[in-house]
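We count residues from 1, following the sequence as given. None of these values were measured; they are calculated from a predicted model. In what follows, every heavy atom counts, from backbone to side chain, and hydrogens, waters and symmetry copies are set aside.
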Amino acid sequence: ILMHVRAQPGTRIEETARLFERVEDTVRGVIPAAELDNIVDNIGLPFSGINMAYQNTGTIGPGDGDALIALKEDHAPTDSYIKKLRSVLPQKFPGTTFSFLPADIVSQILNFGLPAPIDLQVIGNNQTANYAYATELLKRIRTVPGIADLRIQQVFNYPQINVAVDRSLAGEVGLTQRDVANSLLVTLSGSGQVKPNFWLNTENGVSYPIVAQMPQYRIDSISDLENVPVTSAETQQAQYLGGLARITPGPSPGVVSHYNVQPVIDIYGATQERDLGAVAGDIERILKQTRKDVPRGSYVALRGQVQTMTSAYTQLYVGLIGAIVLVYLVIVVNFQSWLDPFIIITALPGALAGIVWMLFSTGTTLSVPALTGAIMCMGIATANSILLVSFAREGLENGLDAAAAALEAGFTRFRPVLMTALAMIIGMVPMALALGEGGEQNAPLGRAVIGGLAVATLATLFFVPTVFSVLHSKTRKPAGDPSQALPASPNP
């Protein structure tokens, strides 16, 4: 479980560390000790860009941090713990934002590095109007069933002290804006960035950096900041900052994000006990309702895993339909008929119905593995129907009427069809039961195959012979009379 914690903007890192200690105690109270392995915290801003390259969890300041919760083997379902933590933590820590990020590599890749599967972007140059619209949009989306961890990523109330230098007055005493900035940087952050100094120890040959910085306890008020001396290389006479600038506290953006150069505000969200497609559909309806309220010059885009899902589903649906069409055309070439291939593929609607029935009865959402299993099921169901229709055609050529040929084919091919279907169904049972670590990832594939083959087998043994007998009711070739050819099958 990867949990992101965001305290109030401006929280010092030592206070964030104390908050994480209390959060850890709460997590240990929710997850039994027998199932909890360890908890690793990563608090504050990343040390370098290498940290950001592995995963961007949305950390923007010292009040942010991640808690990676490792569970032992044979633990209870992870989603149940996440659901309980989503309820307990906000009640115990009001004002703190908790969000659960994708912890496995598959979800991270599907999110393209984003910290949430839903990324609703408000893009435009008018940040004030965009933030007001995003806040109103956030209130509406909170009413969507199944939405979780909804938050605006950017912070616009980060505490800041504004120093507005009177450049004309500073110029009269021989100072510039750069002199004021350098003096502030040395006082507040040290001289390492402005005037790096080193001391060489001649005994061991090691150079040590020397950094001068004002102790933090000496600057803990606006009055102390006003008394900071400002000097320059040209003039050695120090001037107080309060006499050169106007110092006012005020909020500021904690982070400024861009998408294709334009400023952007991200609304992140996840799902709980509801599929991503249904939640995304409700969000799109809200976007249509509020389209007239979008600030002028701005636009809204729904990105993240939703975009990937839509593209993948479109391709899989096309692949599923294409598989049925191509199978039909291949059988047409093999049977030299348009009618018999049509009889064969009449078992495929039963396979699709079985897939839907199995997914619904097990509470499994439609997913890429489930659609992959559906495509697999099409091939096996078609193969079983081919066995039966081929034998029925042989019965027609031997002089049987359509009903007798279909009945004999059903009895004769009962065992081969049943053995083929059972072999696949039994082989998919462990996958469908989600046995093993991470087995729930491929469980939809096994359930789709089992449900589709179960109904498709019944359709092959009972429905396909019925269709064959009806459509071939007027077709009959007397046995032992090779002079009479089998009439051409009518176009369905």
Side-chain angles (χ1 to χ4, degrees), residues 102 106-107 109-112 114 117-120 144-146 270-271 273-285 287-288 301-332 341-386 421 424-425 428 431-432 440-460 463-464 492:
V106 175
S107 299
I109 292 174
L110 290 175
N111 287 351
F112 288 97
L114 293 174
I118 298 174
D119 181 15
L120 188 60
V144 174
T271 59
E273 296 183 337
R274 197 180 180 204
D275 62 282
L276 182 61
V279 173
D282 291 345
I283 293 176
E284 289 176 350
R285 280 191 287 272
L287 293 180
K288 291 180 181 179
L302 184 59
R303 295 191 170 96
Q305 194 177 138
V306 176
Q307 201 172 21
T308 310
M309 177 195 68
T310 304
S311 175
Y313 276 21
T314 302
Q315 296 175 13
L316 283 170
Y317 286 140
V318 172
L320 181 61
I321 297 173
I324 297 174
V325 173
L326 290 176
V327 165
Y328 176 73
L329 295 178
V330 169
I331 304 173
V332 166
F342 173 76
I343 298 172
I344 290 171
I345 66 170
T346 55
L348 299 187
L352 295 175
I355 293 169
V356 174
W357 166 78
M358 177 60 76
L359 295 179
F360 178 78
S361 60
T362 58
T364 306
T365 57
L366 189 64
S367 59
V368 171
L371 288 175
T372 305
I375 295 176
M376 293 174 55
C377 190
M378 296 299 104
I380 301 172
T382 303
N384 288 338
S385 294
I386 289 175
M424 192 66 176
I425 290 174
M428 287 290 174
M431 182 183 292
E440 63 273 5
Q441 294 273 352
N442 294 322
L445 189 151
R447 294 167 185 171
V449 171
I450 291 175
L453 277 183
V455 179
T457 303
L458 295 176
T460 300
F463 182 71
V464 172

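Taking both residues in full, the closest heavy atoms of Val449 and Cys377 are given as O-SG, 4.2 Å, listed atom of the first, atom of the second, then distance. Pairing each heavy atom of Ala312 with each of Val368, the nearest pair is CB-CG2, 4.2 Å. Of all heavy-atom pairs spanning Ala421 and Thr457, the tightest one is CB-OG1, 3.1 Å. Between Ile450 and Ala432, the closest heavy-atom pair is CD1-CB, 3.7 Å. Of all the heavy atoms in Ala351 and Met378, the pair that sits closest is CB-CE, 3.7 Å. Closest of all the heavy-atom pairs between Gly319 and Ile375 is C-CD1, 4.4 Å.
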Checking Val327 against Ile344 for the side chain to side chain contact (heavy atoms under 4.5 Å, CB included) test, could you report, in this order, the C-alpha distance in whole Å, the side-chain angles of both residues, the deciding distance, and whether it holds?
CA-CA 10 Å; Val327 165; Ile344 290 171; over 6 Å; no
After noting the C-alpha distance and the side-chain angles of Val144 and Arg274, does the key distance pass the side chain to side chain contact (heavy atoms under 4.5 Å, CB included) rule?
CA-CA 10 Å; Val144 174; Arg274 197 180 180 204; 3.9 Å; yes
Can you check side chain to side chain contact (heavy atoms under 4.5 Å, CB included) on Val464 and Asn384, steps first, answer last?
CA-CA 10 Å; Val464 172; Asn384 288 338; over 6 Å; no
Does Leu352 form a side chain to side chain contact (heavy atoms under 4.5 Å, CB included) with Leu320? I'd like the steps, not just the answer.
CA-CA 10 Å; Leu352 295 175; Leu320 181 61; 4.2 Å; yes
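Separation of atoms CD1 (Ile425) and CD1 (Ile380) is listed at 9.0 Å; rounding is to 0.5 Å. Taking OG1 of Thr310 as the start and CG of Leu302 as the end, the distance is 8.0 Å to the nearest 0.5 Å. The CZ atom of Phe463 sits 10.5 Å away from the CD1 atom of Ile343 when rounded to the nearest 0.5 Å. Remark: Leu326 CG to Ile321 CD1 distance equals 12.0 Å, nearest 0.5 Å. For the atom pair Tyr317 OH and Leu371 CG, the distance stands at 5.5 Å (nearest 0.5 Å).
The backbone N or O of Ala381 lies less than 3.5 Å from a partner atom in the side chain of Ser385, making a donor-acceptor pair. The main-chain N or O of Thr308 is never found under 3.5 Å from a side-chain atom of Ser311 such that the two would form a donor-acceptor pair. For the pair Asn442 (side chain) and Leu445 (backbone), a donor-acceptor distance under 3.5 Å is absent.
The closest side-chain heavy-atom distance from Leu359 to Leu366 is below 4.5 Å. The shortest distance between side-chain heavy atoms of Leu287 and Leu120 falls below 4.5 Å. At a threshold of 4.5 Å between non-hydrogen side-chain atoms, the residues Leu276 and Ile118 count as touching.
Annotation: salt bridge (Lys or Arg N to Asp or Glu O under 4.0 Å) contacts of Arg303 (sequence neighbours excluded): none. In terms of the side chain to side chain donor-acceptor pair (under 3.5 Å) criterion, residue partners of Asp119 (sequence neighbours excluded) are, by chain and number, Gln121.
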